[in-house]
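Written out below as structure tokens is the structure these notes cover.
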Amino acid sequence: MPELPEVETIKRDLEKVILNKKVIDITIYKSKVIKEPSLPKFKQLLKGATCIQVLRRGKLLILSFRREDGHRYYLTIHLRMTGQLVFGKKDLNSRLNLRLSDGSFLSYNDQRLLGELRLVKDWQGLDFVRHMGPEPLNKGFTLTEFKKRLDRKKAKIKSLLLDQSFIAGIGNIYAAETLFLSGINPKKAAHRLTNIETSRLFGNIKKVLRQAIIHRGTSFSNYRDGRGKKGSYLQRLFVYGRRGESCFKCGSKIKRISISGRGTYFCPRCQK
DNA sequence: CGGGGCTCCTGTGCGC
DNA sequence: TGCGCACAGGAGCCCC
């Protein structure tokens, strides 16, 4: 479900409302979502801890907690396809509820139960994080570096954009949109991209992600922000989910093919 | 190295 | 109406 813009929106929403609040009580309805540590340990470590920071790396959301004994723990949340993290009232559909010191609740919802929560001392040491590629909106993500890494890859460009170890935070929607805006066929081998295509793609990745953050993300089905509301970038999609409909630029029919097992939408005329 | 298929889950929408 | 199938913002694994 959520890609970088959606997770960033949730991060910004939450840091306005949960900082300096203490976890009073934890109710777990589906223990499956907690990957580590064990249930009792998870509750014991989190209870009484104060949230002091909200972070994001790629699609991973990280809540930093300080315990009364001074120890720092990080609650990492990967929402996968249908995870939601909503602040407010108690949510009866949730998989986990945190009751906070002001009487409010932070609810983790997840229809498909594919999400993963961890409470760890070192979130940067998690394998998934250690192998993660650059943050596309950081200064360190440069065209030179991007091109150099693309040139080494023979994989289809669409597969590569979805590969979190190549670049962090892009998912199925924004991969489709950035390729459309750059006029690149999703099946094209990465190392065959021309200099022009590479620089267009580089620019569009930044542009699309920034715009999507401004519009608070894309709610195609399940995604909700930190307040439980939908994002509005859906209205700005050019190709994702538009199979059989007309291309907004040339009028051709949008096609859907499968790449890396994921639905891939593109305009056969605009993306050669 | 790259890619296809399958898995973890629940839910929705479609064609017959 | 009911059933079966395809598909869904993700990602790890095995196998070729």
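Each chain gets a letter, A, B and so on, in the order the sequences are listed, and its residues count up from 1.
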Round to the nearest Å and state the distance from [X] atom [atom1] to [N] atom [atom2].
X: A:Asp151; N: B:dC1; atom1: CG; atom2: P; result: 16 Å
X: A:Asn222; N: B:dG11; atom1: CG; atom2: C1'; result: 9 Å
X: A:Gln111; N: B:dC8; atom1: CD; atom2: C1'; result: 14 Å
X: A:Ile157; N: B:dC1; atom1: CD1; atom2: C1'; result: 16 Å
X: A:Leu114; N: B:dC9; atom1: CG; atom2: C1'; result: 5 Å
X: A:Leu79; N: C:dA11; atom1: CG; atom2: P; result: 11 Å
X: A:Phe220; N: B:dT12; atom1: CZ; atom2: P; result: 15 Å
X: A:Leu113; N: B:dG11; atom1: CG; atom2: P; result: 9 Å

Legend entry - Aromatic centroids of A:Phe141 and A:Phe146 separated by under 6.0 Å: yes
Inset, instruction - Could you tell me if the ring centre of A:His71 sits under 6.0 Å from that of A:Phe65? - result: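 Distance test on ring centres: not under 6.0 Å, no.
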Identify whether any heavy atom of [X] sits under 4.0 Å from a base atom; if not, whether one sits that close to sugar-phosphate; answer base, sugar-phosphate or nothing.
X: A:Gly171; result: sugar-phosphate
X: A:Phe128; result: sugar-phosphate
X: A:Tyr265; result: sugar-phosphate
X: A:Ser219; result: base

Inset, instruction - Taking all non-hydrogen atoms of both residues into account, name the closest pair between A:Gly169 and A:Gln164 and its distance. - result: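 Nearest heavy atoms, A:Gly169 then A:Gln164: N-OE1, 2.8 Å.
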Legend entry - Distance test, side-chain N/O of A:Arg256 to OP1/OP2 of C:dC7, below 4.0 Å: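 For C:dC7, OP1 or OP2 has a side-chain N or O of A:Arg256 closer than 4.0 Å.
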Inset, instruction - Could you tell me whether the phosphate oxygens of B:dG3, OP1 or OP2, come under 4.0 Å of any side-chain nitrogen or oxygen in A:Lys156? - result: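 For A:Lys156, the contact criterion (side-chain N or O under 4.0 Å from OP1 or OP2 of B:dG3) is met.
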Legend entry - Exercise: do A:Lys230 and A:Asn222 side chains pair donor with acceptor under 3.5 Å: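 Per modelled atom types, A:Lys230 and A:Asn222 side chains form no pair under 3.5 Å.
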Legend entry - Assigned partner base of B:dC9, Watson-Crick or wobble definition, under 3.5 Å: none
Legend entry - Span that lies between the P atom of C:dC5 and that of B:dC6, in whole angstrom: 14 Å
Inset, instruction - Considering only NZ, NE, NH1 and NH2 on the basic side and carboxylate oxygens on the acidic side, decide whether A:Lys207 and A:Glu177 come within less than 4.0 Å. - result: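 Answer for the salt bridge query: no.
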